[in-house]
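The structure appears below as structure tokens.
It should be emphasised that the depicted structure is a prediction, and the values quoted were computed from it without experimental measurement.
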There are 2 protein chains.
Amino acid sequence: MSEIYYATSTGPVNIATLKYWGKRDEDLNLPTNSSISVTLDQAHLRTLTTASCSSKFETDQLWINGASYPLDGARSKQVMADLRSLREEIENGDSSIPKIAAFPLHIVSENNFPTAAGLASSAAGFAALISAVAKLYKLPTNASELSKIARKGSGSACRSLLGGYVAWEMGDLANGEDSKAVQIADKKHWPDMKAAILVVSDMKKDVPSTSGMQLTVHTSDLFQYRIKEVVPKRFIAMRKAIIEKDFPTFAELTMKDSNSFHSVCLDSYPPIFYLNDTSKRIIKLINLLNQSAGEIIAAYTFDAGPNAVIYYEEKNEKYVLGLLHQFFSHLGGWESSSFNPKDAVIPESFPLSSLDKDVYSQGVSKVILTQVGEGPSETDDVLIDLQTGLPK
Amino acid sequence: MSEIYYATSTGPVNIATLKYWGKRDEDLNLPTNSSISVTLDQAHLRTLTTASCSSKFETDQLWINGASYPLDGARSKQVMADLRSLREEIENGDSSIPKIAAFPLHIVSENNFPTAAGLASSAAGFAALISAVAKLYKLPTNASELSKIARKGSGSACRSLLGGYVAWEMGDLANGEDSKAVQIADKKHWPDMKAAILVVSDMKKDVPSTSGMQLTVHTSDLFQYRIKEVVPKRFIAMRKAIIEKDFPTFAELTMKDSNSFHSVCLDSYPPIFYLNDTSKRIIKLINLLNQSAGEIIAAYTFDAGPNAVIYYEEKNEKYVLGLLHQFFSHLGGWESSSFNPKDAVIPESFPLSSLDKDVYSQGVSKVILTQVGEGPSETDDVLIDLQTGLPK
């Protein structure tokens with residue numbers, strides 16, 4: 001029987017603090033503005049992917065959490081073609097290495113979190129897939145270069161090729177060769193960044209991100225000002241705040257950019273709403289917390305959905321998780337954290353009694369307590385059966 | 001007993017289609033942008049006010065719906081002073097007329113709609129008060145001139161001095177003398193404009209308009225672009241659409257400006273939310289209606305609160321009220337209209353079965369069916385007891 005070549009890698013989720021919204025080139029996924037994100041710890045949110053290839057496989061195939069998916073979408077085919085092309089270059093330059101670039105690929109992925117929760121699973125998925133195939137093909141390509149391939153698969157996925165604090169530089173070139181992810185700082189630079197994710201129950205999204213962002217590009221008057229005037233300045237200021245570990249500035253910019261992104265969604269025609277009444281109550285809680293703390297100790301941000309991601313520094317966990325525990329202690333997710341509810345402190349001036357606890361506890365289905373994390377990493381896990389080439 | 005001088009006038013509600021949001025001068029209520037509104041029929045929404053004065057009254061006093069209010073706020077005092085000053089000019093020029101400018105005023109007002117519903121009651125109130133006092137004082141002042149006084153009382157109130165389709169020209173002068181309401185077209189020009197108001201139940205507003213708009217002025221990046229680039233063009237286009245009775249254009253601009261206004265609220269820091277999940281469902285219904293009708297036949301607009309005002313032309317009532325009746329037939333307000341539910345037509349392609357009727361029927365407490373209306377009008381009603389000078 002022909003040999004099966006295989007390799008396994010992980011891919012992390014990233015949550016933008018300066019949002020990507022708008023493509024200037026839809027085929028190449030080139031953005032209208034640069035963006036910034038924090039890569040999250042893979043202990044809580046990651047995709048694990050084994051990439052394998054063999055002459056005996058019939059066609060490229062993908063399995064995610066046991067379900068089979070065709071790999072015939074334009075974006076997936078582009079990603080595969082780019083990776084194969086890099087492998088072919090190596091094979092063409094060295095006749096001693098096996099010629100596997102043309103072999104069909106079997107890709108097997110598993111997420112350690114619910115796919116449907118709207119938690120950037122496609123970013124983690126593309127990052128793991130590309131990292132696994134790059135390992136399988138023994139590509140010498142660095143993460144920023146691979147991020148350009150990921151970008152073509154799913155724009156924000158490019159940021160998941162790197163750990164820590166990541167910028168996606170929009171670039172200028174028409175071919176997208178300078179539109180890639182770069183690391184602003186690694187996890188160790190500012191390791192005490194924590195993230196509390198509140199998964200908000202909601203009906204299915206009305207408007208998927210891709211069509212939503214292009215509706216904004218084409219119909220929002222305010223959008224042009226956002227990408228030309230607001231984001232470029234904010235990008236510089238946020239990068240500086242990360243380098244200087246200036247949490248209040250980082251947090252204020254993060255909240256303002258979340259607001260700005262949802263503003264241009266609302267300014268689209270017809271308007272797009274991703275925040276619901278639960279999201280708005282969470283925003284209010286965080287604002288009240290910061291006011292009562294006398295400084296900004298927590299930052300909310302919302303992607304194209306109602307889930308809240310709240311960034312804070314470990315030293316303020318007693319306040320931030322203390323407050324969230326007040327309203328969401330009944331939900332799953334606390335057990336995975338080292339937070340002890342006994343340590344909770346509610347700032348004295350927090351107007352707890354003025355908030356209807358029943359109302360403010362509504363609408364959230366799960367808490368995920370995590371932190372800044374590393375980029376994709378190779379592992380020895382093998383998700384395929386090496387005899388059959390199918391998922392184990 | 002000394003004589004009581006009195007006069008009575010009405011004041012209408014106006015609902016902006018191009019929104020006023022932001023003051024460039026807080027004392028004079030000078031706006032950062034021009035705005036446009038439709039004055040609504042007083043059969044459904046109006047304030048009726050009797051203004052009286054007498055040497056025997058002790059102090060300026062106001063009663064609204066039977067409750068007594070002091071007239072000692074800075075804005076009310078300014079309005080009274082301006083009106084008295086105009087009367088004094090007349091008295092000084094003609095010694096034959098009674099010297100009543102210095103007499104204390106008793107003002108008695110009644111609204112024919114619930115004050116607390118967030119339905120621009122202060123605009124109707126100031127318009128009625130100013131019109132009644134102007135009549136009492138026999139001021140020769142025209143409505144646009146009176147609108148400058150109303151503006152100092154409550155910015156958007158200035159538009160209620162005129163009927164039909166009204167522009168509030170922001171003006172350039174620092175003293176505000178050119179910041180006034182002018183009529184774009186009277187009711188007769190385009191009489192088939194109808195308005196359906198959906199009163200949305202909500203908790204008390206988090207942020208009152210005055211502090212909300214100044215938060216936006218001072219913190220929203222997108223706001224500057226709205227007032228400098230977006231609104232000036234939209235103002236010209238909307239005025240033209242009114243003059244040409246071009247409903248689809250008028251409606252699209254109205255919806256876009258509502259979206260834009262709520263966008264800059266959301267872009268404020270901390271963000272301001274006036275739309276709730278019920279408002280968003282109403283927006284969706286109207287968008288679906290327009291899509292299924294194949295043209296824009298209805299326009300939603302939302303002020304600083306969750307209530308929806310839906311403008312449409314009488315010829316499309318069977319579609320617009322037909323759709324609203326589908327979801328809100330259980331509410332009060334239908335009986336005052338000539339609409340017969342038997343005439344309802346739902347466009348064939350409207351995706352009625354895909355909308356959860358229980359969900360879409362939620363959150364609205366009352367329907368008000370009205371239309372474009374006239375400005376303040378004098379009446380023979382008298383709300384004060386001419387013996388006591390107190391409310392009847």
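- Of all the listed residues (A/I286, A/N290, A/L275, A/V264), the one sharing the greatest number of non-hydrogen pairs under 4.5 Å with chain B is A/L275.
- Here A/Y312 pairs with nothing under the ring-ring contact (aromatic ring centres under 6.0 Å, His included) rule; sequence neighbours left out.
- In this structure, B/K245 places its NZ atom where more than 12 heavy-atom neighbours from other residues, nucleotides or ligands lie under 6.0 Å away.
- Residue B/S258 does not touch chain A at all, counting heavy-atom pairs closer than 4.5 Å.
- The shortest distance between side-chain heavy atoms of B/D221 and A/R234 falls below 4.5 Å.
- Other residues, nucleotides and ligands contribute over 12 non-hydrogen atoms within 6.0 Å of the NZ atom of B/K23.
- Screening residues 220-260 of chain B for ring-ring contact (aromatic ring centres under 6.0 Å, His included), with sequence neighbours left out, gives A/Y225-B/Y225, B/W190-B/F250.
- Neither the backbone nor the side chain of A/S220 comes within contact range of chain B; no heavy atom of the residue lies under 4.5 Å from a heavy atom of that chain.
- Heavy-atom distances place no part of A/E229 under 4.5 Å from chain B, backbone and side chain included.
- More than 12 heavy atoms of other shown residues, nucleotides or ligands fall within 6.0 angstrom of atom CZ in B/F327.
- When the candidates A/R226, A/Q291, A/E252 are compared by the number of heavy-atom contacts under 4.5 Å with chain B, A/E252 comes out ahead.
- At least one side-chain heavy atom of A/P271 sits less than 4.5 Å from a side-chain heavy atom of B/I283.
- A distance of 8.0 Å separates CZ in A/F273 from OG in B/S279, rounded to the nearest 0.5 Å.
- Both the backbone and the side chain of A/L222 come within less than 4.5 Å of a heavy atom of chain B.
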Practice prompt. Evaluate the criterion side-chain contact (heavy atoms from CB on, under 4.5 Å) for residue pair A/K256 and B/D267; output intermediate values, then yes/no.
Written response: CA-CA 7 Å; A/K256 284 185 167 174; B/D267 190 52; over 6 Å; no

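- Residue B/K315 places its NZ atom among 12 or fewer non-hydrogen atoms of other residues, nucleotides or ligands, all under 6.0 Å distant.
- Proximity to chain B involves both the backbone and the side chain of A/D277, based on heavy atoms less than 4.5 angstrom apart.
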